[in-house]
Number of protein chains: 2
Amino acid sequence: MILDERKRHILESVIKDYVATAEPVGSRAVVRKHALNISAATVRNEMADLEEMGYLEQPHTSAGRIPSEKGFRYYVDCMMENENPSDEQIEVLHKILEDSIQEWNDVVQGIGHFLSQVTNYASFIIVPSVKFSQFQSLQLIPIQEGQALVLVVTDIGIIMHRKIAIPRSIKARDLQAIGDLFNRAFRGKRLSEVQRSDLQLLRDELKNRRQVIDKSLEALDNLLDSPHDEKVVISGALNILKEPEFKDMDKLRRILTLFEEDGPLKGILPEQIKEGVDIRIGQENQAEDIKEMSLVFAGYRTAGEMGKIGLIGPVRMEYWKAAGTVESVRRIIDDLMNSSGSDPKLFKK
Amino acid sequence: MILDERKRHILESVIKDYVATAEPVGSRAVVRKHALNISAATVRNEMADLEEMGYLEQPHTSAGRIPSEKGFRYYVDCMMENENPSDEQIEVLHKILEDSIQEWNDVVQGIGHFLSQVTNYASFIIVPSVKFSQFQSLQLIPIQEGQALVLVVTDIGIIMHRKIAIPRSIKARDLQAIGDLFNRAFRGKRLSEVQRSDLQLLRDELKNRRQVIDKSLEALDNLLDSPHDEKVVISGALNILKEPEFKDMDKLRRILTLFEEDGPLKGILPEQIKEGVDIRIGQENQAEDIKEMSLVFAGYRTAGEMGKIGLIGPVRMEYWKAAGTVESVRRIIDDLMNSSGSDPKLFKK
DNA sequence: ATTAGCACTCAATCCAGGAGAGTGCTAACA
DNA sequence: TGTTAGCACTCTCCTGGATTGAGTGCTAAT
């Protein structure tokens, strides 16, 4: 569907105004703020057309118009220009990342904060499951009498650990030997490929150190299952309190509940995700719970797997700013992850 | 101040009703629900007395009465009997703890969930700073070419780690040697006693392995400073959305902001905390931000230090249930921590 | 000391009327 | 034929008065 220049201009005016004020915008307001040299009456005619085409709608007959979801969609697809964060803001983000380097958790936290602070929307980051990254090494480390630590390192440098109890007769040397065995068996495999059958095999092979092996396997098994798969970090959830559309307690509660636990959020994003910025407006969302909200998200690539970052806001969202910010941040993460650059970056390949 | 039996009964009725309904309660309601054989008029007279004494108050002349904070205080101090969680609920908690054993994080999470779920209030747990527990051991572990992991274990079994870059010439054997040195220097000290001067000393002593030592020290130093001190876990924050007193957005925002970050919450609790359950009602709280809320909290003892658990709710709170639950959970935590019992409990001394 | 009865108070609810913002339509105009 | 000015119309929101109802305080009787 092609709109002529004037209609596009009017649609844009309505969107910008409505996003800023959350109030329906009338014909007068459009001519006043965006001084075209046409009269309010003309604008009214055009707006009537736009309404018929489905890009605008009226809450009731004697109110102004608000953009429909289709209107937003048209704007996003055909007219929008991303608004990137300012250089100072980018600078700030780089600073945050430098400060928190080495610590994966801090990095993610920092990015989340940044996203939500700059845009004033709730942000989320989904870190891909470690199951899909490669097993790098396993170590068994004595930490005190009768206890050892199972330490697993993946190729992208994520560290997981679990304590196990061991018989007192086992010495540090034995532990090391057992660890080496694991490494020979598994090195380079993806964690998802480490099947239980493999584990069983190993177990059989080492009857004499049964107990430690069993415990280690159990711990490893446990780690593979554990909540490390697809870690979700949410930031700035309270930003939605600012939006007038959520003054209703029930709505508010439903939305915030989404954020309180990690599970639900995963469900609302598409399984497959492309690398660029993607936008889902209101009803376009599959999940029932967020059909009155919009998503702006993107995938980032890390060690071969896709992670996701994005923003959640009302349908009346500053898509240009959201998309610009998400895209910028995505680029920065990609750089960080995949640079085989000069000085020590976060993760080496 | 001593109240006669009838006044006490009436005060209790008003409190119970008001807590349940959030509405002022009138004289008729009192006689109807708590069938005394006195008339509404008599109750009115008594309520007028109670109001004069400051235990009740009237939102406006033609409404019922609501308990004042002083009224709640009197009830809590002189009349209340704790309502403990049911046996089934306790059972559930034990189950949760067993399932998540070995993993400190899961335990805390589990307890938090339990507290907030059973009571319908927001719960918090403050885990005492690791600075005050003892250094147990430090290990340097090679994880890949040019990278090593600094692993610190404290006496209560908390594991902290940080990655550092190391020169490629350093071999696993060297790392081990360096780790041993650290251990000899620090073993058994409280982390808070590991002064920078000690670190400096060590550094001087080991000129030849300067680079690794420096990096390790930096990491250690970093760990000592890091957010591990007084970890705060909040659960069920959204429960306060249910309370009608927070239908006001601004209030709601202020309160939820307290929960979104860990910092503020520490500020609202007294520094020193006794072992039993303590209750702060509304204005009794020091911190400005929660003068319209109540706290029910207790300290638990772990490896010599005090941790804190508790609930945050409206002044119109089911103190009996809150106090009973907090006390029960406190006992269970204490058992868990300090049992040198038969089967493997969470942390051994 | 207790109680029944009654007048009084005050928030909440409802309803009508007016103001205001904005529209749609028509007729005039370029 | 597209644009504009003007006007009647619609609908929400606000305001103010009347009504309702729960609950009190007081008084007089028990």
Side-chain angles (χ1 to χ4, degrees), chain A residues 2-11 13-18 20-68 71 244-245 247-248, chain B residues 3-11 13-18 20-68 71 244-245 247-248 316:
Chain A
I2 289 176
L3 296 183
D4 65 50
E5 192 51 42
R6 198 166 66 186
K7 282 200 176 56
R8 287 162 64 96
H9 197 147
I10 290 174
L11 177 58
S13 302
V14 172
I15 287 180
K16 292 270 168 153
D17 258 37
Y18 177 64
T21 64
E23 306 266 295
V25 0
S27 51
R28 262 186 71 81
V30 171
V31 296
R32 194 156 7 94
K33 296 217 187 144
H34 306 270
L36 317 189
N37 25 4
I38 51 178
S39 77
T42 312
V43 173
R44 275 202 290 281
N45 289 332
E46 295 286 44
M47 295 208 316
D49 291 352
L50 282 167
E51 182 171 1
E52 189 152 7
M53 290 185 257
Y55 296 118
L56 294 181
E57 49 195 32
Q58 264 183 316
H60 53 267
T61 55
S62 77
R65 303 299 208 296
I66 65 175
S68 67
E245 31 268 273
K247 65 187 186 322
D248 173 38
Chain B
L3 296 184
D4 65 51
E5 193 51 41
R6 197 165 65 186
K7 284 201 175 57
R8 287 161 66 96
H9 197 147
I10 290 173
L11 177 58
S13 302
V14 172
I15 287 180
K16 293 269 168 151
D17 258 37
Y18 177 65
T21 64
E23 306 265 295
V25 0
S27 52
R28 261 186 71 83
V30 172
V31 296
R32 193 156 7 94
K33 297 215 186 142
H34 306 271
L36 316 189
N37 25 3
I38 51 177
S39 76
T42 311
V43 173
R44 275 203 289 282
N45 289 332
E46 295 285 44
M47 295 209 314
D49 291 352
L50 283 167
E51 181 171 1
E52 189 153 6
M53 289 185 258
Y55 296 116
L56 295 180
E57 49 196 33
Q58 264 183 315
H60 52 268
T61 56
S62 77
R65 303 299 208 296
I66 66 176
S68 66
E245 30 268 272
K247 63 188 188 321
D248 174 37
R316 181 186 60 78

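We name chains A, B, ... by the order of the sequence lines, and we start the count at 1 in each one.
Positionally, the nearest nucleotide of DNA chain C for B/Asn45 lies more toward the 5' end than for the other of A/Met47 and B/Asn45. Each of A/His60 and B/Thr61 lies near DNA chain D, and the nucleotide nearest A/His60 is the one positioned closer to the 5' end. Each of B/Ile38 and B/Pro59 was assigned the nucleotide of DNA chain C with the nearest heavy atom; the assignment lying further toward the 5' end belongs to B/Ile38.
Atoms CG (A/Asp49) and P (C/dG24) sit 10 Å apart, rounded to a whole Å. A/Glu5 has its CD atom 18 Å from the C1' atom of D/dG2, to the nearest Å. Counting to the nearest Å, the C1' atom of D/dT12 and the CD atom of A/Gln58 are 13 Å from each other. Summarising the geometry, the separation between CD on B/Glu52 and P on D/dG25 is reported as 11 Å, rounded to the nearest angstrom. Between B/Lys33 atom NZ and D/dG23 atom P the separation is 10 Å, expressed in whole Å. Nucleotide D/dG23 holds its C1' atom 17 Å from the OH atom of B/Tyr18, rounded to whole Å. Between the CD atom of A/Glu46 and the C1' atom of D/dT4 there is a distance of 13 Å, rounded to whole Å. In this structure, CD of A/Glu57 is placed 18 Å from P of C/dG22, rounded to the nearest angstrom.
Put simply, B/Arg6 has a side-chain N or O that comes within less than 4.0 Å of OP1 or OP2 on C/dT2. Look at A/Arg65 and you'll find a side-chain N or O under 4.0 angstrom from OP1 or OP2 of C/dG24. OP1 and OP2 of C/dG22 both lie 4.0 Å or more from every side-chain N or O belonging to A/Ser27. Between A/Arg32 and C/dG22, a side-chain N or O to OP1/OP2 separation shorter than 4.0 Å is absent.
A/Ala63 comes within contact range of the sugar-phosphate backbone alone, with a heavy-atom separation under 4.0 Å but no base atom that close.
Taking the side chain as every heavy atom from C-beta outward, B/Asp49 and B/Glu46 approach each other to under 4.5 Å. For the pair A/Ile10/A/Val43, a side-chain contact is recorded, criterion being any heavy-atom separation below 4.5 Å from C-beta on. For the pair B/Thr42/B/Arg6, a side-chain contact is recorded, criterion being any heavy-atom separation below 4.5 Å from C-beta on.
The number of heavy atoms from other shown groups lying within 6.0 Å of CZ (A/Arg28) does not exceed 12.
One cannot find a donor-acceptor pair under 3.5 Å joining the base of C/dG20 and the side-chain atoms of A/Arg28. You'll find a donor-acceptor pair under 3.5 Å spanning the side chain of A/Ser62 and the base of D/dT10, going by distance alone.
Of the candidates D/dA5, D/dC11, C/dT3, the closest approach to any side-chain atom of B/Thr42 belongs to C/dT3. Of all nucleotides listed (D/dT4, D/dG6, D/dT24), D/dG6 comes nearest to the side chain of A/Arg44.
Residues passing the salt bridge (Lys or Arg N to Asp or Glu O under 4.0 Å) test with B/Asp4, sequence neighbours excluded: B/Lys7.
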